[in-house]
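One structure is given below, encoded as structure tokens.
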Amino acid sequence: MPVNGYKPLIVAFCCNWCSYAGADLAGNNRLNYPADVKIIRVPCSCRVNPMFVLRAFQRGADGVIICGCHPGDCHYTSGNYFTRRRMALLFSMLDYLGIERERTRVEWVSAAEGAKFAATMNDFAETVASLGENKRLEDLRCKK
Amino acid sequence: MQRIGVFVCWCGSNIAGTVDVHAVAEALKTEPGVVFSTDYQYMCSQAGQNIIKDAIRDYRLTGVVVCSCSPRMHEVTFRKTASQAGLNPYMVEIANIREQCSWVHKDVPTGTEKAIILGRAAVAKVNLNAPLTPGESLVIKRALVIGGGIAGIQTALDIADAGFPVDIVEKQPTIGGKMAQLDKTFPTLDCAACILTPKMVDAAQNENIRILSYSEVEKVGGFVGNFEVTIRKKARYVKEDICTGCGACVEKCPMKKVPNEFNLGMDNRRAVYIPFAQAVPKVATIDPNYCNMLKNGKCGLCARVCTAGAIDYTQKDELITEKYGAIVVATGYNPISLDKFDEFAYNQSKDVISSLEFERLTNAAGPTAGKLVRPSDGKHPHTIVFVQCVGSRCDACAEKGKEYCSKICCMYTAKHAMLTRDKYPDTEVYVFYIDVRTPGKNFDEFYRRAVEEYGVHYVKGMVGKVSPEGDTLKVQASDLISGKQLHIDADLVVLAAAIEPDASARPLATMLTASMDTNDFFTEAHPKLRPVESPTAGVFLSGACQGPKDIPETVSQAGAAASKVIGLLVKDKLTTNPCVAQSNELMCNGCSSCELVCPYGAITYIDKEFRMPDRSIQIRRVAQVNPAVCQGCGACTVACPSGAMDLNGFKSEQIIAEVDAICR
Ligand code: FES
């Protein structure tokens, strides 16, 4: 998948009820996406603290994606609305710091959308790969 | 420091095919805290679980990482294993190296590398796990069934038989659902009413069942074992307990031109009506959209003729709030609207009808008393064309149809064709199909009888156009086998419309926080192993709300859902999820940010005394989480400006450790 041969490091936060199940379904259906994507399970997308996203970039992640249930379908009714707003704020701040918008994303993937999960990850990985390595926030102290 | 054991599962070749499991076990040995690491063919098997138990004892493990399939699959299994060996079950973490690794990546080096990273993240998390103890909550021994069709009735009867009270909420004035509208059922051809109405009566007479007809669910709160549901009982302007169902009011009502929805608008009913003779409850309902008395205060005839004095024009909607331990969704299906299928002239000709309309036309209790005639002129049709898959299996026409197979149409069309030929041998019957799908007991035999014994013309091909011309319907179609174009002059065209979930399902799913697929069918907790449970604990699925189904399948699913409900209601107490939020009172400054985002109202504030370093006492307002109410979403943890809120099982430091491990 990588365009210029660069293998990016991508952290994907997936809510347990929809997106993590969607990722499982992608697996059940053997839908390929790059191994660069590593998933962290959270109960709800609203559990993702902007701090976690910053931390990932700090540690050398090239892209961070947060996946949750579709608006209105959050298992906890309103969690993803918080996510949407929090992340919009965070991403515009990251943009200001010089981290390209394309390196961050919020996506809604339901438990039944295995194909959408794989397609989203393929697309995201490709986008991030084309941007190359992300060094903006990298904390050199962590990379000894 | 934890003493962690790592157990890498091969899952036969499912994982071992693309992941070098030995290498993973070997690589994870050097991770901090890991004192034991091994791999085995099937960790979830008895032998595999024994390996874990033995290791817990022999190596005095304090934490376990299983690298295997999704935690949604076997987290519960391995937690149980751990607790059998005396380890706190919440000290187990799963690295998902099957669904999210071996199944989606093709070559071994990539798969192995990713599996090691996922394992590493799980180890990093377990290092920070703390033992958790689930709380307990009481189970309310009453069930709610939403939907009063055959699915809902059967579920309610089965639950009631086990001795638990059940409420059925049905939005129509009567229970019975779609099955009440059917004439005969395939493949046995027994009459739908004869097998359904006794069940309706059973439900009405069962002392454990309460039927709330003409009612809708308005609000759902609470959680498994303890739901609180608000139900709106719509005003029917008739006192249900007094009405005897004699029908005198119906006879006298001067508003005679109300389209009768039970007969799909093919005839009329009055403004006050009883949907059909065997309705349960058999009481009249006044339709406020048509009743003159309710609209402009003129009339009042029904009140005058009602000897029981049951009519009450001032009745108001009533809100009922009740507690339930379990909820069953049985909202069923509807045929899709055919308005967009212009090519079949459904809106242009009265003689192009849907299969459900055909069902009413052939039903002895239907608008024609069972005589098959053309709706336009009442003449007997000599040529009938059935079109299958109207709106089903259509990829290209997604905006008007559905991508899936509606499953029941092949069989009911065969039934319609066969019954027509049986009763009217002079009628020519054509069926146009893409495929005939007959998987089911005695289904194929049934279809073959239609062709071989009854001489129904089955044509593989698509109907391109139906154009009304004078008295006849010109049907243009292609026969895919002979490659010829066919032109048929039909008297009646019957469209087997795709079925879709009832429109009430989507808002209901939101209230229940139960998930749905893209077609608005409810999703099951596991497609194979937990087909009647929704992923939301305490919510169960019955019938076509979960996917297209015929009657036998619906009834068996209804029974399965009932047995799951009974299994839940016999318990006195449930253990609650201990992965709930917790506030650190020393850091909390009582700002209320967390309370504002909590969807459950689980957070309250108390004034607490703190002893300061100079021994003075300070009283501060601090947040407290009610663990029985908290569902563990974590919204508060992010909202908290001082970092006092954290979520057990998904603590910030744990997630950060995972991020670090992945980005190492
Ligand atoms: S549970 Fe999926 S976004 Fe809240």
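Below, read A as the first sequence line, B as the second, and so on, with proteins coming before strands; counting in each chain starts at 1. Only this structure's heavy atoms are used, side chains among them; waters, hydrogens and symmetry mates stay out. Remember, it's a predicted structure, so these values are computed and weren't measured experimentally.
Inspection of the B/N96 and A/Y20 side chains reveals an N or O donor paired with an N or O acceptor under 3.5 Å. A side-chain donor from one of A/R47 and B/S652 sits under 3.5 Å from a side-chain acceptor of the other. Residues B/K402 and B/N519 have side chains that never bring a donor and an acceptor to within less than 3.5 angstrom of each other.
Residue A/R41 touches chain B through both its backbone and its side chain, counting heavy-atom pairs closer than 4.5 Å. Only the backbone of A/V48 comes within contact range of chain B, with at least one heavy atom under 4.5 Å from a heavy atom of that chain. Contact of A/T77 with chain B is made through backbone and side chain together, with heavy-atom distances under 4.5 Å. For A/N49, the parts sitting under 4.5 Å from any heavy atom of chain B are the backbone and the side chain alike. With a 4.5 Å cut-off on non-hydrogen atoms, B/I662 touches chain A through its backbone and its side chain both. The contact between A/C74 and chain B is made entirely by backbone atoms, counting heavy-atom distances below 4.5 Å. Contact annotation for B/A121: neither backbone nor side-chain heavy atoms come within less than 4.5 Å of a heavy atom of chain A. For A/N29, no part sits under 4.5 Å from any heavy atom of chain B, backbone or side chain. For A/V11, the part lying near chain B is the side chain, with the backbone staying farther off; criterion is any non-hydrogen pair under 4.5 Å. The contact between A/A21 and chain B is made by backbone and side chain atoms together, counting heavy-atom distances below 4.5 Å. Looking at A/F82, only its side chain comes within 4.5 Å of chain B, counting heavy atoms on both sides.
Checked against the 6.0 Å centroid criterion, the rings of A/F124 and A/Y33 do not qualify as a close aromatic pair.
Under 4.0 Å is where a charged nitrogen must lie from a carboxylate oxygen, and between B/K651 and B/E653 no such pair does.
Annotation: the span from B/E658 atom CD to A/I39 atom CD1 amounts to 12.0 Å, rounded to 0.5 Å.
With sequence neighbours left out, the ring-ring contact (aromatic ring centres under 6.0 Å, His included) criterion links A/F91 to no other residue.
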